Amino acid sequence: PVLEQVAKAGKPLMIVAGHMQYLFDETGRRYLDLFAGIVTVSCGHAHPKVVKAVQEQAALKVDLIKIWVDDRDGKYKKMPPEIYTPVIDEAHKAKLRVAAHIFYLDDAKRLLALGADVIAHSVRDKPIDEGFIALMKRQNAVYIPTLTRELSTFAYASVPSFFTDPFFLREADATVV
């Protein structure tokens with residue numbers, strides 16, 4: 001009935017806060033959130049464990065909160081939005097920036113849309129697009145590129161030429177090479 005009243009009045013419902021399973025409008029009226037969307041799946045809003053973890057870090061006077069979102073080439077489960085969304089919200093309340101360790105373009109775009117301040121390591125699953133660039137600009141986000149990390153994850157079919165390069169060999173540990 002409340003949403004019907006809002007729709008009939010022609011005025012959008014202005015949700016300004018959320019806590020656990022509740023949403024609050026600008027007048028302080030509480031609503032039960034029955035929307036199982038990207039942000040609210042199972043964890044709700046401002047989950048106390050997430051809030052506490054960020055507050056503990058803020059009390060230590062850290063410079064930023066870093067979250068690891070990617071799945072490490074399918075080895076681990078990705079951090080879900082219902083966890084990283086309140087992390088971003090709480091970090092910003094504490095005036096802390098959030099760096100997100102990512103791999104996938106879609107994750108990077110979702111995190112930027114939610115307010116991530118730093119994209120830690122390059123998008124590596126597909127080329128970045130205009131939407132990503134627009135989000136980076138809108139958020140005034142920092143992008144930390146990954147220049148050589150992927151080299152360490154590949155097994156070579158033959159010895160790469162740089163393994164015999166005098167410049168490389170001068171500093172390389174002979175027991176490793």
Side-chain angles (χ1 to χ4, degrees), residues 2 12-126 128-129 131-150 152-153:
V2 172
L13 180 63
M14 180 64 70
I15 298 297
V16 297
H19 183 73
M20 297 297 290
Q21 70 271 30
Y22 298 106
L23 298 171
F24 300 88
D25 68 16
E26 74 273 13
T27 68
R29 185 171 182 176
R30 184 176 79 170
Y31 302 87
L32 179 61
D33 184 3
L34 299 174
F35 176 73
I38 291 172
V39 176
T40 58
V41 179
S42 79
C43 189
H45 307 273
H47 191 282
K49 288 183 181 180
V50 174
V51 171
K52 182 179 181 214
V54 173
Q55 289 173 343
E56 286 172 354
Q57 292 300 304
L60 295 172
K61 307 285 188 221
V62 298
D63 293 319
L64 62 84
I65 301 290
K66 183 176 180 184
I67 53 178
W68 192 299
V69 176
D70 83 51
D71 61 5
R72 304 260 337 243
D73 299 321
K75 294 177 189 155
Y76 301 98
K77 184 178 176 189
K78 279 199 253 182
M79 180 184 285
E82 60 266 22
I83 299 297
Y84 62 67
T85 300
V87 168
I88 293 168
D89 292 343
E90 283 303 309
H92 287 167
K93 285 179 191 173
K95 307 279 190 257
L96 290 171
R97 292 171 295 163
V98 176
H101 181 112
I102 59 91
F103 184 93
Y104 304 101
L105 177 63
D106 291 342
D107 291 336
K109 289 167 78 171
R110 187 176 303 114
L111 286 153
L112 287 165
L114 290 168
D117 304 287
V118 178
I119 295 299
H121 312 302
S122 302
V123 169
R124 291 164 275 163
D125 69 322
K126 52 187 161 185
I128 61 171
D129 57 24
F132 175 80
I133 293 168
L135 286 164
M136 288 290 296
K137 287 179 177 179
R138 187 188 83 196
Q139 187 61 21
N140 196 27
V142 174
Y143 187 81
I144 302 172
T146 304
L147 302 176
T148 62
R149 185 234 176 242
E150 301 310 316
S152 67
T153 64

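Computed from a prediction, not measured in an experiment: that's the story for all the values here. Index from 1, following the sequence.
- The two atoms that bring Ile65 and Val62 nearest to each other are CD1-CG2, 4.2 Å, heavy atoms only.
- When all heavy atoms of Pro81 and Arg110 are compared, the closest pair comes out as CG-CD, 4.1 Å.
- Side-chain contact between Val118 and Val98: absent, with no pair of heavy atoms (C-beta onward) separated by less than 4.5 Å.
- Contact detail for Ile102 and His121: the closest heavy-atom pair is CD1-O, 3.6 Å.
- To the nearest 0.5 Å, atoms CG (Asp63) and CD (Gln57) are separated by 11.5 Å.
- In this structure, the side chains of Leu112 and Met136 come closer than 4.5 Å at one or more pairs of heavy atoms.
- Ring-plane geometry between Trp68 and His101 is classed as parallel, the angle between the planes falling under 30 degrees on a 0 to 90 degree scale with a further cut at 60.
- For Tyr104, the side-chain hydrogen bond (donor to acceptor under 3.5 Å, both in side chains) test picks out Asp71, with sequence neighbours left out.
- Going from atom CG of Leu96 over to atom CD of Gln55 covers 11.0 Å, rounded to the nearest 0.5 Å.
- Evaluation of the side-chain hydrogen bond (donor to acceptor under 3.5 Å, both in side chains) rule for Asp125 yields no partner, not counting sequence neighbours.
- Counting only heavy atoms from C-beta outward, the side chains of Ile88 and Leu111 approach each other to under 4.5 Å.
- Atom CG of Leu135 is separated from atom CG of Leu114 by 10.0 Å, given to the nearest 0.5 angstrom.
- With Arg124 contributing its side chain and Ser122 its backbone, the two residues share a donor-acceptor pair below 3.5 Å.
- Contact check for Phe132 versus Leu105: side-chain heavy atoms found under the 4.5 Å cut-off.
- Using modelled atom types, no side-chain atom of Gln139 and backbone atom of Asp117 make a donor-acceptor pair closer than 3.5 Å.
- The closest side-chain heavy-atom distance from Asp70 to Tyr76 is not below 4.5 Å.
- In this structure, the side chains of Ile119 and Val142 stay at 4.5 Å or more apart for every pair of heavy atoms.
- Counting only heavy atoms from C-beta outward, the side chains of Asp129 and Ile133 never approach each other to under 4.5 Å.
- Counting heavy atoms from C-beta outward, Asp107 and Lys109 have side chains that stay 4.5 Å or more apart.
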